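To keep things clear, I will list the structure first and then write my remarks on it.
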Amino acid sequence: MSIRDKVVAGFVTRYGQPPDVVVRAPGRVNLLGGHTDYNEGYVLPAAIDRAAWVAAAVRTDRQSRVLALDREEEAVFDLDAIAPRQGNWSDYPRGVAWALSERGLALPAIDASLASDVPVGAGLSSSAAVEVAFAWAWRTLAGFDLDRISLALACQQAENDYVGVRCGVMDQVASACGRAGHALLLDCRTLQVDPVLLPETAAIVVADSRVRRSLAASEYNRRRQECEEVVRQLQRELPHVRSLRDVSPETLAQWAHRLPVELYRRARHVVTGNARVLTAAAALRCGDLAALGEAMRRCHESLRDDYQVSSPELDLLAETAWSVGGCYGARLTGAGFGGCVVAVVDSGAAGNLVECLKRAFRDHFGQLPAAYTCHSADGVTAQAALTG
Ligand code: GLA
């Protein structure tokens with residue numbers, strides 16, 4: 001049964017009527033630009049063909065009910081008195097309702113079912129996919145006019161201020177604005193999105209270490225604070241610096257001796273990362289996959305050594321991919337501390353890459369990683385749910 005059929009059937013079984021709308025919001029891989037988004041820099045994600053699906057219908061009272069089919073749990077919440085975060089999956093729909101209401105949008109209560117094939121905690125933006133799916137469901141059912149970027153910002157606010165993770169805006173924009181066959185060059189200061197064609201000869205392979213780090217959220221927030229601290233120190237003499245986006249690699253190098261070494265390395269990752277995204281996106285526009293792959297490799301090394309968000313499992317997967325014929329490049333994707341590596345590979349070599357990654361991982365760690373090819377996908381879509 002497809003996930004679409006599953007959310008519709010689950011909805012009908014639980015709520016005794018067909019849904020009004022079915023929404024699909026994708027997860028994403030990030031090809032370049034790790035941890036640059038919350039520094040107002042550049043990123044190059046692509047939405048993928050793994051997604052959160054929501055089937056929903058309007059209710060006439062103020063109680064919303066959301067059934068998570070993968071967990072067989074239902075959350076009920078009052079739209080006029082949204083409770084504080086609970087620390088579980090239901091924070092995402094509840095947080096989105098809160099963020100949309102904060103914008104003065106009148107939300108109807110809904111019944112909804114939810115299912116997803118974006119693995120949770122793997123760095124593929126499972127939470128952003130759920131947020132964007134619910135935001136789009138409410139947008140469709142209420143008929144309010146919220147453009148995709150504004151919707152992504154509302155979802156980011158839900159994650160920042162309701163869920164409590166100070167993420168950037170990349171994941172929500174990728175899920176909202178993805179384009180099949182393309183990556184998205186996103187300027188996280190201006191929020192301009194430029195689709196960049198991915199050559200058809202290339203495939204995207206994802207390898208999941210299956211390592212889930214509970215520290216990811218606290219370490220993530222700590223990295224963000226470290227970047228803010230560098231900005232504070234630079235601002236003493238460089239008042240035009242609003243974020244690390246305003247700092248060139250050369251300027252930062254001049255400051256090397258005045259910053260604590262760890263902070264310097266965090267900032268070096270970000271400022272060189274911005275440069276890598278722009279150079280590689282320009283090369284990709286000319287079909288230069290080798291340049292993209294080389295930048296992915298350097299990005300991983302920088303995330304490993306300067307930003308220190310990699311792990312032995314991710315390093316092994318990335319290094320294995322680098323050594324396989326036909327693979328252009330590979331890096332950890334998402335926040336790090338576990339989760340997935342993404343590789344760009346010649347389509348004809350993708351099967352061999354998957355096998356090599358599985359074998360190397362099993363030989364080192366005694367278990368098989370999940371490894372598969374995925375395809376870039378369109379951003380969030382809604383369909384009228386006329387058929388089961
Ligand atoms: C997570 C966050 C994003 C981004 C990445 C790292 O996916 O949600 O905003 O910061 O980590 O690039």
Side-chain angles (χ1 to χ4, degrees), residues 25-48 50 52 91-92 95-96 118-132 149 152-178 183-189 191 193 206 208 212-213 215-228 243-245 266-267 269-274 276-277 280 295-296 299-300 302-304 306-311 314 331-342:
R28 61 103 191 88
V29 289
N30 186 20
L31 299 179
L32 272 183
H35 293 266
T36 43
D37 60 348
Y38 53 81
N39 290 295
E40 296 190 313
Y42 299 95
V43 284
L44 191 70
I48 55 172
R50 292 201 162 219
D91 287 339
Y92 300 112
V96 166
V118 188
V120 172
L124 300 178
S125 293
S126 59
S127 55
V130 171
E131 290 156 8
V132 170
I149 292 289
L153 286 169
C155 292
Q156 182 200 17
Q157 190 195 359
E159 184 111 28
N160 288 174
D161 298 338
Y162 187 84
V163 179
V165 176
R166 298 185 65 211
C167 66
V169 76
M170 166 175 70
D171 304 346
Q172 291 79 8
V173 170
S175 186
C177 303
L184 303 178
L185 173 60
L186 167 62
D187 178 336
C188 298
R189 172 170 279 171
L191 298 179
V193 176
V206 166
D208 187 345
R212 303 289 183 262
R213 293 274 164 85
L215 273 181
S218 57
E219 283 294 313
Y220 183 91
N221 287 349
R222 194 158 77 95
R223 293 295 182 284
R224 188 162 176 166
Q225 282 162 10
E226 289 169 338
C227 293
E228 288 164 358
S243 69
L244 288 179
R245 157 68 169 268
R266 303 290 191 250
H269 165 72
V270 174
V271 302
T272 58
N274 284 333
R276 268 191 297 273
V277 175
M296 290 173 77
C299 179
H300 184 86
S302 178
L303 286 164
R304 180 191 65 197
D306 276 355
Y307 223 64
Q308 296 183 298
V309 294
S310 191
S311 69
L314 294 172
R331 55 161 295 203
L332 71 86
T333 188
F337 313 105
C340 290
V341 158
V342 59

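In this text, all values refer to a predicted model and were calculated from it rather than measured experimentally. In listed order, ligands and their atoms are each counted from 1.
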If we ignore hydrogens and angles and just use 3.5 Å, is the side chain of Ser175 paired with the main-chain N or O of Gly27 as donor and acceptor?
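No: the side chain of Ser175 does not pair with the backbone of Gly27.
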
Could you give the distance from [atom1] ([X]) to [atom2] ([Y]), rounded to the nearest 0.5 Å?
{"X": "Arg266", "Y": "Gln225", "atom1": "CZ", "atom2": "CD", "answer": "12.0 Å"}
{"X": "Cys340", "Y": "Asp208", "atom1": "SG", "atom2": "CG", "answer": "3.5 Å"}
{"X": "Glu40", "Y": "Arg189", "atom1": "CD", "atom2": "CZ", "answer": "4.5 Å"}
{"X": "Asn160", "Y": "Cys155", "atom1": "CG", "atom2": "SG", "answer": "11.0 Å"}

Protein contact of [atom] - nearest heavy atom, named by residue and atom, plus distance:
{"atom": "atom 6 (C) of ligand 1", "result": "His35 N, 3.4 Å"}
{"atom": "atom 10 (O) of ligand 1", "result": "Tyr220 OH, 2.6 Å"}
{"atom": "atom 5 (C) of ligand 1", "result": "Met170 CE, 3.7 Å"}
{"atom": "atom 1 (C) of ligand 1", "result": "Asp171 OD2, 3.6 Å"}

Evaluate the side-chain proximity of Glu228 to Arg224: yes if any heavy-atom separation is below 4.5 Å, no if none is.
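Yes. Closest side-chain heavy atoms under 4.5 Å.
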
Arg245 side chain reached by Asn39 side chain, heavy atoms, under 4.5 Å
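Side-chain contact under 4.5 Å: no.
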
Contact (N/O only, under 3.5 Å) between [X] and ligand 1:
{"X": "Tyr38", "result": "no"}
{"X": "Arg28", "result": "yes"}
{"X": "Gly168", "result": "yes"}

Heavy-atom contacts with [X] under 4.0 Å: which atoms of ligand 1 show up? List them by number with element.
{"X": "Gly34", "result": "12 (O)"}
{"X": "Gly334", "result": "6 (C), 11 (O)"}
{"X": "Cys167", "result": "2 (C), 8 (O), 9 (O)"}

Which class fits the ring pair Phe337 and His35: parallel under 30°, tilted 30 to 60°, perpendicular over 60°?
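Ring orientation, 0 to 90° scale: perpendicular.
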
Pick from Asn30, Asn160, Asp37, Thr36: the one approaching atom 3 (C) of ligand 1 most closely through a non-hydrogen atom
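The nearest heavy atom belongs to Asp37.
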
Should Ser125 be listed as contacting ligand 1, given a heavy-atom distance under 4.0 Å as the test?
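Contact check Ser125 vs ligand 1: negative.
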
